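Computed over heavy atoms, backbone and side chain alike; hydrogens, waters and symmetry mates excluded. Predicted model only: the values in this text are computed from it and were never measured. Read the numbers this way: they start at 1 and go in the same order the structure lists the ligands and their atoms. If you read the sequence from its start, that first residue is 1, and numbering goes on from there.
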Amino acid sequence: MAARFRAPKGTRDLLPPETALWAAVEAIARETFERYGFREIRTPLLEETELFARGVGEGTDIVGKEMYSFVDKGGRNVTLRPENTASVCRAYVEHGMQQLPQPVKLFYIGPQFRYERPQKGRYRQFHQIGAELLGGFGQWADAEVLLLLVAFLRELQFTGLRVMLNTVGDESSRAAFRSALVAYLEPRKDHLGEASRRRLETNPLRILDSKDPEEQEVLSGAPHLRDHLSRASRNHFAGVCRLLESSGIEFELSPRLVRGLDYYTNTVFEIVSEGLGSQNAICGGGAYERLIEELGGKPTYAVGFAIGEDRLIEVLPESFRRGIATRCRVIVAPIGTASSHGAKSLYAEGVLDGALLVCDYFRRNGISAEWAAGKPERVFKIAEGTGARFAVFVGEEELAAGRVSLRDLETREQEQMTREEALNFLQRFLP
Ligand code: AMP
């Protein structure tokens with residue numbers, strides 16, 4: 001029968017056993033981020049629309065066409081957050097965090113919403129794990145955030161990820177580059193798609209992001225930002241590279257990397273992974289020097305990143321996946337007399353009660369256990385599915401004697417003992 005309701009387009013249910021991976025990744029994020037001095041912030045899913053218009057930028061795809069915006073019953077223009085940096089900066093200003101010792105280091109984990117065309121690795125509700133270092137100091141702040149990012153990905157046992165690094169320069173570098181780029185593209189407009197022609201007016205730097213082959217061709221001759229960098233920006237970027245090299249982090253310079261959001265200045269970066277197709281960026285970030293001022297605070301240097309958790313989970317190394325052992329270690333099974341394994345007779349024989357109580361006894365004592373009724377073959381099958389190593393059988397005869405049968409599903413050895421002895425054994429054997 002076809003389901004009557006489905007999750008809305010572009011959204012999805014995260015189901016077990018996959019959710020165990022999500023929880024494990026998030027636990028490692030919390031542990032690592034806190035070790036690096038970042039503390040958690042949780043901002044509303046909903047903000048004033050104006051916050052994103054200002055914070056993300058009118059010329060961006062996000063604000064231009066991807067926001068879930070609506071007017072609420074009180075006539076306010078609100079938007080489901082499409083990213084979290086603007087909210088974090090708003091909170092930083094709203095709660096006077098500029099008065100605290102600087103830098104303020106925050107991280108977040110949660111859903112974001114963008115009305116995009118769904119495809120592999122791209123959803124309308126997706127999840128980000130991100131960090132922001134606010135009130136930091138130039139290249140050292142950038143490097144610290146990158147060190148945290150790489151440390152986290154190493155904890156997840158990634159080896160083949162590529163760190164792509166670029167600088168988009170400070171305000172003066174960008175102004176100079178923007179004019180040079182527009183001067184180059186203007187006479188070649190006919191080779192640009194409609195979106196890029198529009199960006200020529202609104203946000204010409206974004207055209208460099210294009211994946212369209214014909215536009216790529218045109219762009220191959222375009223001026224380079226690196227030729228328009230101010231001395232301060234050059235020094236800043238050289239400093240970041242030097243710090244990363246000194247800590248043994250490999251990265252690639254990626255002169256075409258500009259990132260979609262308006263607010264970045266100087267250092268920008270992405271982490272890309274094979275195996276994700278065209279949506280191959282699992283993380284993006286960079287420094288932003290104007291955003292907090294734009295939102296009403298004092299000028300504040302800040303830098304941060306957002307990891308796309310959906311994509312991260314998709315490419316998690318096999319070694320990490322395997323390590324997330326299923327939690328159930330023991331299957332407790334009531335067994336009936338040989339003639340019947342049906343629920344009715346199990347109930348009549350009191351073994352259902354017995355199994356549940358034995359199961360609870362293990363659980364109370366720290367052993368994760370599950371119980372399943374049915375023929376032994378079925379019990380073995382369930383055990384296999386949950387990764388349980390042991391089965392504990394509870395039959396009428398065992399119950400009468402206050403005993404259970406403990407079976408090692410790997411060696412197939414089986415032995416009768418009291419439930420206390422079984423617990424003792426399991427506690428010693430299971431890590
Ligand atoms: P951004 O906020 O655009 O810099 O994105 C940061 C990261 O979030 C990207 O590198 C992606 O991994 C992830 N991301 C962005 N948009 C989506 C989406 N629609 N679906 C899934 N992941 C996304």
List for me each residue that meets side-chain hydrogen bond (donor to acceptor under 3.5 Å, both in side chains) alongside Ser172, sequence neighbours excluded, and say none if there are none.
Asp170
Arg122 charged N/C atom sitting above Phe126 aromatic ring, 6.0 Å / 45°:
no
Here's a test for you: under side chain to side chain contact (heavy atoms under 4.5 Å, CB included), which of Arg81, Arg124, Arg114 qualifies with Tyr68?
Arg124
Would you call the rings of Phe393 and Phe380 parallel, tilted or perpendicular if under 30° counts as parallel and over 60° as perpendicular?
perpendicular
Of all the atoms in ligand 1, which lie at a distance below 4.0 Å from a heavy atom belonging to Ile282?
10 (O), 12 (O)
Less than 4.0 angstrom from a charged side-chain N to a carboxylate O is my criterion; do Glu201 and Arg198 meet it?
no
Quick note on ligand 1: atoms under 4.0 Å from a heavy atom of Ala306 include exactly 6 (C), 7 (C)
Would you tell me which option among Gln125, Gln119, Arg114 has the nearest heavy-atom contact to atom 2 (O) of ligand 1?
Arg114
Arg329 to Phe390, cation-pi by 6.0 Å centre distance and 45° axis angle
no
Report yes if Asp310 has an N/O atom closer than 3.5 Å to an N/O atom of ligand 1; otherwise report no.
no
From the options Gln112, Lys120, Glu270, Gln128, select the one whose nearest heavy atom is closest to atom 6 (C) of ligand 1.
Gln128
Give yes if a backbone or side-chain nitrogen or oxygen of Tyr264 is under 3.5 Å from a nitrogen or oxygen of ligand 1, and no if not.
no
Distance-only N or O hit between ligand 1 and Arg122, under 3.5 Å
no
State the atoms of ligand 1, each with its element, that fall below the 4.0 Å cut-off from a heavy-atom position in Gly121.
20 (N), 21 (C), 22 (N)
Nearest non-hydrogen atom to atom 23 (C) of ligand 1 belongs to which of Tyr123, Phe126, Phe113?
Phe126
Short list, please: which atoms of ligand 1 are under 4.0 Å from a heavy atom of Cys283?
10 (O)
Using modelled atom types and a 3.5 Å cut-off, is there a donor and acceptor pairing between side-chain atoms of Asp72 and backbone atoms of Gly74?
yes
Between Ile282, Leu156, Val272, which is the residue that forms a side chain to side chain contact (heavy atoms under 4.5 Å, CB included) with Leu161?
Ile282
Any N/O of Ala281 closer than 3.5 Å to an N/O of ligand 1?
yes
